[in-house]
Chemist: 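What follows is a single structure, and I will ask about it in a moment.
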Amino acid sequence: LYNCAATEIAAILVRELEELREARVLLVSRIGRPIREPQAVHLMLRGAPGSSFAALAERARSIAAAQLEGIDELWRSLIQRNLATEEPAS
C-alpha cells in the first residue's frame with residue numbers, strides 16, 4: 001500500500017507544483033500504528049533553477065500529509081481494483 005501511496009504522492013507533487021521538476025517519495029511503515037501514521041515520510045525534491053526550496057518543501061509536505069490522511073480511500077480503491085498495480089498485458 002505504501003508503494004502505491006508513495007507513487008501517487010510523487011505524481012501529485014509534480015502535477016500540482018509547477019516549479020517542481022522531480023519528486024521521489026519514500027514511506028516507511030510502523031507496525032501497530034494507524035496506516036496514516038508512517039514511521040517516516042521522506043520527500044526527495046528537485047525544483048526548477050531559481051525556485052525557492054523552502055517554499056517548495058513546505059508545500060510538498062502539506063500535500064503529502066493531506067494524501068496520507070486520505071490513504072483509506074487508496075486501499076479501498078486497490079481492493080476494488082480501481083487502480084492499476086501492474087502493466088497492462090500486451
Chemist: So which heavy atom on A23 is nearest to which on A10, and how close?
Modeler: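 Looking at all heavy atoms of both residues, the shortest contact is O-CB, 3.5 Å.
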
Chemist: Check whether M44 and V41 end up in the same hydrophobic cluster, where Ile, Leu, Val, Met, Phe, Trp and Tyr are linked by side-chain heavy atoms less than 4.5 Å apart.
Modeler: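 Hydrophobic grouping puts M44 apart from V41.
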
Chemist: To the nearest 0.5 angstrom, please state how far the CG atom of D72 sits from the CZ atom of R36.
Modeler: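 Rounded to the nearest 0.5 Å, the CG-CZ separation comes out at 4.5 Å.
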
Chemist: Can you list every side chain to side chain donor-acceptor pair (under 3.5 Å) pair that touches residues 42-56, not counting sequence neighbours?
Modeler: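 Side chain to side chain donor-acceptor pair (under 3.5 Å) check on residues 42-56 returns E22-R46.
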
Chemist: Decide whether V25 and L1 are clustered together by the hydrophobic rule: side chain heavy atoms of Ile, Leu, Val, Met, Phe, Trp, Tyr closer than 4.5 Å, transitively.
Modeler: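 Per the 4.5 Å side-chain linkage, V25 and L1 are co-clustered.
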
Chemist: For R21, which residues count as a side chain to side chain donor-acceptor pair (under 3.5 Å) partner, sequence neighbours excluded?
Modeler: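 Checked R21 against side chain to side chain donor-acceptor pair (under 3.5 Å); zero matches.
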
Chemist: Has Y2 got a side-chain atom pairing as donor or acceptor with I35's backbone, closer than 3.5 angstrom?
Modeler: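 Present.
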
Chemist: Quick one: does any side-chain atom of T7 pair with a main-chain N or O of N3 as donor and acceptor, under 3.5 Å?
Modeler: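 Yes, T7 side chain to N3 backbone: donor-acceptor pair under 3.5 Å.
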
Chemist: Shortest non-hydrogen contact from I9 to Q67?
Modeler: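 That would be CG1-CB, 3.6 Å.
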
Chemist: Is there a side-chain contact (heavy atoms from CB on, under 4.5 Å) between I12 and L17? Walk through the geometry before answering.
Modeler: CA-CA 8 Å; I12 290 168; L17 303 174; over 6 Å; no

Chemist: On a heavy-atom basis, which atom in A60 and which in L45 lie closest, and how many Å separate them?
Modeler: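 Minimum heavy-atom contact is CB-CD1, 3.7 Å.
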
Chemist: For residues 9-20, which residue pairs pass the side chain to side chain donor-acceptor pair (under 3.5 Å) check, not counting sequence neighbours?
Modeler: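 Passing the test, one end in residues 9-20: E19-R59.
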
Chemist: Considering all heavy atoms of both residues, which atom of A5 and which atom of L27 are nearest to each other, and what is their separation?
Modeler: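 Scanning both residues completely, I find the closest heavy atoms to be CB-CD1, 3.8 Å.
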
Chemist: Are L13 and F53 linked, directly or through intermediate hydrophobic residues, by side-chain heavy-atom contacts shorter than 4.5 Å (ILVMFWY only)?
Modeler: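 Yes, F53 and L13 fall within the same hydrophobic cluster.
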
